[in-house]
Amino acid sequence: MDVELVLAVDVSWSMDQSEQEIQRAGYAAAFRSEPVQRAILEGGYGKVAVAYVEWAGTFSQTIVIPWTLIDSKESADAFAYQLVTEEPERERRTSIAAAIDFVVPMFDNNGFNGLRRVIDISGDGPNNQGRPVADARDDAAAKGITINGLPLMTSGNSYGYASWGSIRDLDRYYSKCVIGGPGAFMIPVNDWEQFPEAVRRKLVLELAGGWPAPRSAAPPVLSAQAEPEVNCMIGESMWNQQQDRWGN
């Protein structure tokens, strides 16, 4: 088994239903695509195990697709089909830490033994509930699990905030506070039109460790520790400030 991969996707209220559907459709299209299928089938073992989880607040995590063996075009297409047969549910708050803590035990006794264990986190805002995200990240990395990121920078404006809970430098936040473990990287998405391409590129890198032919318009790949210091508790601070305003 080459990789055990959990796709952990944000379904908090900061994204509307159409954006959540774009996410599902983007992942489905990726698993149907020739580059991703080739990355799987041409790996060392020619098979991977993948699960799909949707998350929001501390107590909002759902396994949409449990661990699934993908070892053929047919099984990749079947995984993609499952993604588009159910509508995502929207939940409150954003706890990347709780999502990581929920996913980590999924690797135990799952019936697979991959060379690598990877959590692929996508989301459009910082952690604002639960324990510090950097602590959850560090605990997962200590178990040999890699956390990669797909920060969705689709709600910012020239002032840095288009809706409550978003931050302008989400890519820096993910680089410093979210991703970690062996070979961790992220690909920021600045526009929803970039999303399908970013997902395909990211999956190829995760499943095979390479990308067929770089395109000039492709989002950059940023490695861990590539960005300067940021406040890993910014989401919690923003939430507390908002609570203070509501209380006055």
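The analysis underlying the following values was restricted to heavy atoms, covering all of them including side chains, and did not include hydrogens, waters or symmetry mates.
- When side chains are defined from C-beta on, Val118 counts as touching Val3, because their heavy atoms get closer than 4.5 Å.
- With hydrogens and angles ignored, the 3.5 Å screen pairs no side-chain donor or acceptor of Thr94 with any backbone N or O of Gly125.
- Counting heavy atoms from C-beta outward, Trp55 and Val103 have side chains that stay 4.5 Å or more apart.
- Side chains of Ile234 and Asn128 form no contact here, defined as non-hydrogen atoms less than 4.5 Å apart.
- Ring pair Phe31/Phe79 is tilted by interplanar angle, where 30° to 60° counts as tilted.
- A salt bridge links Lys73 to Asp77: at least one charged side-chain nitrogen sits closer than 4.0 Å to a carboxylate oxygen.
- Separation of atoms CD1 (Ile96) and OG (Ser12) is listed at 9.5 Å; rounding is to 0.5 Å.
- Atoms CD and CG, from Glu42 and Leu207 in turn, are 12.5 Å apart once rounded to the nearest 0.5 Å.
- Residue pairs meeting the salt bridge (Lys or Arg N to Asp or Glu O under 4.0 Å) criterion with at least one partner in residues 95-104, sequence neighbours excluded, are Asp101-Arg131.
- No side-chain heavy atom of Leu150 sits less than 4.5 Å from a side-chain heavy atom of Met186.
- Side-chain contact between Phe195 and Leu152 is present, with at least one heavy-atom pair separated by less than 4.5 Å.
- Considering CG of Leu115 and CE of Met1, their distance stands at 9.5 Å, rounded to 0.5 Å.
- In this structure the side chain of Tyr27 reaches within 4.5 angstrom of the side chain of Val9, judged on heavy atoms.
- In terms of modelled atom types and a separation under 3.5 Å, the side chain of Thr68 and the main chain of Pro66 share a donor-acceptor contact.
- Listed for the Arg137 side chain is a donor-acceptor partner under 3.5 Å among the backbone atoms of Ile179.
- In this structure, CD1 in Ile187 is found 9.0 Å from CD in Glu197, a value given to the nearest 0.5 Å.
- Ring centroid separation for the pair Phe107 and Trp67 comes in under the 6.0 Å cut-off.
- At a threshold of 4.0 Å, the pair Asp120-Lys202 counts as salt-bridged, since one of the basic side-chain nitrogens sits closer than that to a carboxylate oxygen.
- Formation of a donor-acceptor pair under 3.5 Å by the Ser75 side chain with backbone atoms of Asp71 is found in this model.
- Between the side chain of Gln61 and the main chain of Gly57, a donor-acceptor pair closer than 3.5 Å is present.
- Under a cut-off of 6.0 angstrom, the local environment of CD in Glu193 is sparse, with at most 12 non-hydrogen atoms contributed by other residues, nucleotides or ligands.
- Ion pairing of Glu21 with Arg24 is absent here, as no side-chain N (NZ or NE/NH1/NH2) approaches a carboxylate O to less than 4.0 Å.
- By the neighbour-count criterion of 12 heavy atoms within 6.0 Å, atom CG of Asn109 is sparsely surrounded, having that number or fewer from other residues, nucleotides or ligands.
- Using modelled atom types, one side-chain atom of Ser33 and one backbone atom of Ala30 make a donor-acceptor pair closer than 3.5 Å.
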